[in-house]
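Below is one structure, written out as C-alpha cells, with a few remarks after it.
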Amino acid sequence: MSELQDAVSRRRTFAIIAHPDAGKTTLTEKLLLFGGAIQMAGAVKARGEQRRAKSDWMKVERERGISVTASVMTFDYEGRTFNLLDTPGHEDFSEDTYRTLTAVDSAVMVIDGAKGIEAQTLKLFEVCRLRDVPIMTFCNKMDREARDPFDLISEIESALALEVTPASWPIGMGRDFLGCYDLIRDRLILMDRSKGDEIDEGIECNGLDDPRLDELLPAHAVAKLREEVEMARGLMPAFDLEAYRAGHLTPIYFGSAINNFGVRELLSGLAENAPPPRPQPADPRTVQPDEEKVTGFVFKVQANMDPNHRDRIAFVRLCSGRYKRGAKLKHIRSGKLMAVNNAVLFLARDREVAEEAWPGDIMGIPNHGSLRIGDTLTEGEDLRFTGVPSFAPELLQRVRPDDPMRVKHLRKALEHFAEEGASQVFKPLTGADWVVGVVGQLQFEVLASRIEAEYGIAARFEGAGLDAARWVETDDKTQLEKFIELNRSALAEDHDGALVFLARNAWHLNRAQEDFPALRFLKTREQNRKVHTAA
Ligand code: G4P
C-alpha cells in the first residue's frame, strides 16, 4: 500500500447531527477525551467561552445559548485519524449544516433516549440520505428515564425508513443504568459513573456467558440483559458493513455521554467501520481519493474570525492527493494559480500550519475573499466538485443604514456575509435597497449585530413584502428576455450575478410559472455553477 493509500484508509471524516439539547456538545467532548485530544472535559465549552469573550458579535450566540459557528476537530484513536466537523444544531443555521455535510464521509446521529427522533434530527437525516451518508446512531441520556430500547429502535425504523441494528445494549436505565454491552465485539465494559472527566480502562467481559458478568452486575440486571439481547438478536438484522456504508442500515449505540457510557464503543465502531474518504462527484469526472494529484473544495467560509483583521478562512475538504506546504493550486473559478503557504489544520486545542495534509482532511486557507463556497482547487486539471448547494431563503427583508451616507459600506458588508454563506443578498434590477435572504429569523439579528460590531454600521431590517426567492434557469433565451422585460421590478441578482425572481406571494410565483413555462424557478442553486444574468 502506498503512503497515500495508507493515509486515506486511516482517515475518518464525520459530523454529528442532532436536535438541540440531545447531547452533541457533550458527546464531542467525550470523543475528544477518548481520542486524547483534550485532558479535561469541558474544554470545548471553555475554549468557546474564551473565544466569545473576544468578539462582540457572538453576543447573540451567548445570549441564546446556541452554537452559531462550526469548527473542525482532529484527533487520533486506534490508529485512525478522525476529523470531526461540528455543525450548528439550531434550525436557523441549517444551510451551514447542509454544506458541512457535503464535506463528510459519515455522520453520527445523536438522539435523546427520552425523546427519540425530533424535528431537527429528521431534517438533518434527510440531508444525509440525499447523499447516502452512512449513519451511526447514539442514543444518549440512558442514565435518565428513557424510552424502551425496542420502542426507540422501531421509531427510528419507521420515522427514517432505515434498518437498525443494535451495536450496544443498555443495562438498565435511569438511576439503575449500569453500562452497555458491546454487541459487535461481544463484550462488556463497565465504567465508573463518578469519573466523568477521566477515562478509566473499564472492566472487560467476554461474551454474555462470562461468569464475571454475574459477579459484576446484580442478578436481575444480568438476567434482563441476556434476555433482551437474545430478543434483539432474534428480531433485528445483524450488523452488515455494506448495508451500513450504503446508508441503508444504522447501528445504534446506547449510552450516556456525560457518564462516558457507550462512547468508547461508538468510537471503536467509527474506527473500524465508518468509511474512509469516499470518491467525490465532480464535473466532468469522479475523483478517487488515492489519486496522486491534490484536489479539494471549499464548503465553508468564515469571515472576521479575528475582528481586528479582515481575514477569512476558507474551509477546504481535500478529496485526493497529498498536500504539501507551498503547493501551487489552481483556483478553477478564476483560473489563477495560488501558492498555498499558510493553510492551517485544526487540532482540538489549536490550529497549526499545515506542513502536509491528506484526503479527508480539512484545511483552513486564509484569504481576502478570493475563495468562495463551492470553489474547487486542483493541481491544474479543470474540474469542479458538484453538490455544494445554495438554498432559497425563506425570509426576505430590505436593509438600509441609519445614516444614508453609509449605503456603500453597508453593501460591502452584505457582500462579505453573502460570500461567507451567512446570508444571501439580492440586488434588485430597479430600486436602491438591497434585499437580504435568510433561512431563519434569528439570522437577521445575528447579521444586524455583526454589521454593527464588525463594520461599525447601524442598519435596519424591514419587511420587504416578499414571500419567496427563486433562481431562474432556462435554455429558452427568447422567453427569458421577455420575462425580464415584463418583470424587471421583481428581479434581482444574487452575489454571483445569477438572476433571481422575488415573488410577492404564492400567487405571484404561480403566475410567473404559468406564463413562462420554459423557465425553471429553482429553490436551490449549486454554488458557482454557470448562471443566467440579467444582462
Ligand atoms: P447539545 O450540544 O446537543 O445542545 O447538547 P449538550 O451536550 O449541550 O447537552 C444538553 C444537556 O444535556 C446538558 O445539560 C448536558 O449536560 C445534558 N447531557 C448530555 N449528555 C447527557 C447524559 O448522558 N445524561 C444526562 N442526564 N444529561 C446529559 P444542561 O443542563 O443544559 O447543561 P450543563 O449545565 O449540564 O452543561
Side-chain angles (χ1 to χ4, degrees), residues 2-15 17 70 72 74 80-85 87 96-107 127-135 242 244-247 270 274-301 314-324 327 329-333 340 343 345-346 354 356-365 371-390 421 524-530:
S2 70
E3 205 183 348
L4 176 59
Q5 283 166 334
D6 179 56
V8 169
S9 69
R10 286 191 292 105
R11 291 285 180 298
R12 298 287 182 270
T13 300
F14 73 107
I17 58 172
V72 182
T74 299
R80 305 279 188 265
T81 297
F82 292 88
N83 296 308
L84 168 52
L85 277 56
T87 52
D96 210 11
T97 306
Y98 291 147
R99 293 207 201 94
T100 296
L101 292 175
T102 65
V104 300
D105 302 301
S106 71
V127 181
C128 290
R129 166 160 285 164
L130 279 177
R131 304 177 53 83
D132 293 323
V133 174
I135 294 184
E242 232 171 86
Y244 155 67
R245 286 199 177 169
L270 284 165
R278 308 200 292 174
Q280 291 286 335
D283 185 22
R285 67 179 190 89
T286 297
V287 174
Q288 302 298 326
D290 57 0
E291 290 177 20
E292 292 294 326
K293 298 229 158 122
V294 173
T295 63
F297 65 89
V298 179
F299 63 94
K300 177 187 168 67
V301 172
F315 290 75
V316 174
R317 145 104 196 197
L318 287 181
C319 301
S320 66
R322 171 193 191 169
Y323 160 86
K324 284 193 194 144
L329 297 181
K330 185 173 175 185
H331 178 231
I332 300 300
R333 190 166 46 81
V340 182
L345 290 175
F346 304 87
E356 62 171 23
W358 304 91
D361 285 345
I362 310 298
M363 291 196 313
I365 304 183
L371 291 177
R372 292 195 195 165
I373 292 167
D375 282 1
T376 299
L377 298 173
T378 72
E379 281 192 65
E381 188 178 344
D382 276 319
L383 53 81
R384 285 161 206 268
F385 288 101
T386 51
V388 184
S390 209
T524 59
R525 176 168 88 79
E526 206 155 275
Q527 296 279 336
N528 303 317
R529 232 179 51 194
K530 262 195 150 168

Report task. Hey, could you give me the NE2/CD1 distance between His331 and Ile365, rounded to the nearest 0.5 Å? Result -> 9.5 Å
Report task. For the pair Asn83 (side chain) and Gly360 (backbone), establish whether a donor and an acceptor sit closer than 3.5 Å, ignoring hydrogens and angles. Result -> yes
Report task. Would you mind checking if Asp375 and Arg333 are paired as a salt bridge, meaning a charged N to carboxylate O distance below 4.0 Å? Result -> yes
Query - Side chain to side chain, Cys319 and Pro359, heavy atoms closer than 4.5 Å - result: no
Query raised in the report: Do Asp361 and Arg11 sit within salt-bridge range, that is, some charged N less than 4.0 Å from a carboxylate O?
Result: yes
Query raised in the report: Okay, side chain of Arg12, backbone of Leu270: is any donor-acceptor separation there less than 3.5 Å?
Result: yes
Query - Separation between CZ of Arg278 and OG of Ser106, rounded to the nearest 0.5 Å - result: 8.5 Å
Requested in this report: Mind running side chain to side chain contact (heavy atoms under 4.5 Å, CB included) on Arg99 and Val301 for me, showing each step along the way?
Outcome: CA-CA 11 Å; Arg99 293 207 201 94; Val301 172; over 6 Å; no
Query raised in the report: Passes side chain to side chain contact (heavy atoms under 4.5 Å, CB included), Phe299 versus Thr100? Steps please.
Result: CA-CA 6 Å; Phe299 63 94; Thr100 296; 4.2 Å; yes
Query - Heavy-atom closest pair, residues Ala357 and Leu345 - result: CB-CD2, 4.3 Å
Report summary line: Separation between CD (Gln280) and CG (Leu318), nearest 0.5 Å, reads 10.5 Å
Query raised in the report: Should Lys293 and Glu381 be marked as a salt bridge (charged side-chain N to carboxylate O under 4.0 Å, His left out) after you check the CA-CA gap, both sets of side-chain angles, and the distance that decides it?
Result: CA-CA 9 Å; Lys293 298 229 158 122; Glu381 188 178 344; over 6 Å; no
Report task. Looking only at non-hydrogen atoms, find the nearest pair between Thr376 and Phe385 and report the distance. Result -> OG1-N, 3.0 Å
Query - CG-OG1 distance between Leu84 and Thr13, expressed to the nearest 0.5 angstrom - result: 10.0 Å
Query raised in the report: In Å, rounded to the nearest 0.5 Å, how long is the span from OG1 of Thr74 to CD1 of Ile362?
Result: 8.0 Å
Query raised in the report: Of all residues at least two apart in sequence or in a different chain, which pass the ring pair (Phe, Tyr, Trp, His ring centres under 6.0 Å) check with Phe14?
Result: none
**Report entry** Sidechain-backbone polar pair: Glu379 side chain, Val294 backbone, donor-acceptor under 3.5 Å
**Finding:** yes
Query raised in the report: With sequence neighbours left out, what residues match Asp132 under side-chain contact (heavy atoms from CB on, under 4.5 Å)?
Result: none
Report summary line: Minimal heavy-atom distance between Tyr323 and Ala354, with the atoms involved, is CE2-O, 3.7 Å
Requested in this report: Could you tell me which non-hydrogen atom of Tyr244 sits nearest to which non-hydrogen atom of Ala274, and how far apart they are?
Outcome: OH-CA, 3.4 Å
Query raised in the report: Which heavy-atom pair separates Leu4 from Asp290 by the least distance, and what is that distance?
Result: CD2-O, 3.3 Å
**Report entry** Atom pair CH2 (Trp358) and CG (Asp6), whose distance is rounded to the nearest 0.5 Å
**Finding:** 8.5 Å
Report summary line: Sorted by chain and residue number, the side-chain contact (heavy atoms from CB on, under 4.5 Å) partners of Ser320 (sequence neighbours excluded) come out as Val287, Glu291, Thr295
Query raised in the report: Do side-chain atoms of Asp283 reach the backbone of Arg384 as a donor and acceptor pair under 3.5 angstrom?
Result: no
Query raised in the report: Heavy atoms, side chains only, cut-off 4.5 Å: are Thr378 and Ile332 in contact?
Result: yes
Requested in this report: For residues Phe297 and Ala103, report the shortest heavy-atom separation together with the two atoms involved.
Outcome: CZ-CA, 4.2 Å
